[in-house]
Amino acid sequence: MLNRYARAFFTKVFTPLARLLLRLGISPDVVTVVGTLGVCFGALFFFPRGELFWGVIVITAFVFSDTIDGVMARLQGRQGVWGAYLDSTLDRFGDAAVFAGLTIWFFRGGDHVVTACLALACLVLGSLVSYAKARAEGVGLSADVGIAERADRLVSTLVTTGLVGLGLPQVVLTVVLALLAVASAITVVQRMGTVRRQAFAAVDGSLPATRG
């Protein structure tokens, strides 16, 4: 949902910066890697120390690289398989770092096992959401459905985490993580159901049925 409505706005906002980076000789791949490293640093350095607000600030500063590198690639006219693969793969690192940082904090200094377990569940289920789509595409099918897209999960988590860092009751984050875990599980089921329907509709038997 957020991807659809926000992409055009942020593309317009970041186009001047993307042009500047290209003039400086910086490639989209460099922006992708630096952005991922920044997100991982913000999540794994600040969150485990309980500095939730500042962790969110650092992550937010770098997370927009996911939009900037795409704008740069389009301006260069070099949108291709490698760029899409690199971007998608490194996104998983960033997402995992965010939920891993929260898991570490709430298992240790945050001392709230329920919240820690929910953060861990979001990490695992978020990976399954991505895998369900990637695996479908790997066998020539489509699984572009679901109520918990990556941007929705990331934005809701970061906004709530930042507000908790400013004094919002922790229970709000616990509830948000619980809802995200449920929504992610539903998304996995939705994608599996979509792929199942497509697979059974392919009565000619031309689609691969490999397992792995």
Side-chain angles (χ1 to χ4, degrees), residues 2-4 6-7 9-11 13-49 51-76 78-105 119-135 137-138 144 146 148-162 165 177 180 184 187:
L2 291 174
N3 278 336
R4 291 194 295 270
R7 186 176 300 276
F9 171 76
F10 284 114
T11 295
V13 169
F14 289 120
T15 294
L17 176 58
R19 293 185 187 279
L20 174 62
L21 292 174
L22 289 173
R23 284 199 295 270
L24 293 175
I26 299 174
S27 74
D29 290 352
V30 170
V31 173
T32 302
V33 173
V34 170
T36 301
L37 292 175
V39 169
C40 291
F41 172 75
L44 297 177
F45 179 80
F46 289 99
F47 284 178
R49 295 156 58 96
E51 299 176 5
L52 303 182
F53 175 74
W54 290 112
V56 169
I57 292 298
V58 173
I59 292 168
T60 302
F62 285 98
V63 80
F64 285 112
S65 64
D66 193 42
T67 299
I68 296 172
D69 58 7
V71 176
M72 293 172 68
R74 285 192 291 275
L75 290 174
Q76 280 189 323
R78 50 168 289 197
Q79 293 174 274
V81 174
W82 165 247
Y85 174 81
L86 178 66
D87 190 56
S88 180
T89 301
L90 294 188
D91 280 348
R92 306 289 83 76
F93 277 97
D95 295 355
V98 169
F99 290 107
L102 290 174
T103 300
I104 293 170
W105 167 243
L120 181 59
C122 287
L123 191 162
V124 174
L125 290 168
S127 297
L128 288 175
V129 168
S130 299
Y131 178 80
K133 180 178 180 179
R135 184 61 179 141
E137 293 173 346
D144 194 17
E149 296 182 0
R150 175 179 179 262
D152 301 320
R153 299 194 306 270
L154 191 60
V155 170
S156 57
T157 300
L158 291 178
V159 169
T160 309
T161 299
L177 291 176
L180 286 178
S184 297
T187 298

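Only this structure's heavy atoms are used, side chains among them; waters, hydrogens and symmetry mates stay out.
Checked against ring-ring contact (aromatic ring centres under 6.0 Å, His included), Phe62 has no partners two or more places apart in sequence or in another chain. A search for side-chain contact (heavy atoms from CB on, under 4.5 Å) contacts involving Leu86 returns Asp29, Thr32, Trp82, Leu90, not counting sequence neighbours. A search for side-chain hydrogen bond (donor to acceptor under 3.5 Å, both in side chains) contacts involving Arg19 returns nothing, not counting sequence neighbours.
Residues Arg150 and Asp66 have side chains in contact (heavy-atom distance under 4.5 Å, counting atoms from C-beta outward). Between Phe47 and Thr161 there is a side-chain heavy-atom pair separated by less than 4.5 Å.
Rounding to the nearest 0.5 angstrom, the gap separating the CG atom in Leu158 from the CD1 atom in Ile57 is 10.0 Å. Expressed to the nearest 0.5 Å, how far CG of Asp69 lies from CG of Asp87 amounts to 4.5 Å. Atoms CD and OG, on Glu137 and Ser88 in that order, are 8.5 Å from each other to the nearest 0.5 Å. Ser130 contributes atom OG, which lies 6.5 Å from atom CG of Asp95 (distance to the nearest 0.5 angstrom). To the nearest 0.5 Å, atom OG1 of residue Thr89 and atom OH of residue Tyr85 are 4.0 Å apart. How far OG1 of Thr187 is from CD of Glu149: 8.5 Å, rounded to the nearest 0.5 Å.
No donor-acceptor distance shorter than 3.5 angstrom exists from the side chain of Thr160 to the backbone of Thr157, with no hydrogens or angles considered.
Between Phe46 and Phe41, the ring-plane angle classifies as perpendicular under the 30° and 60° cut-offs.
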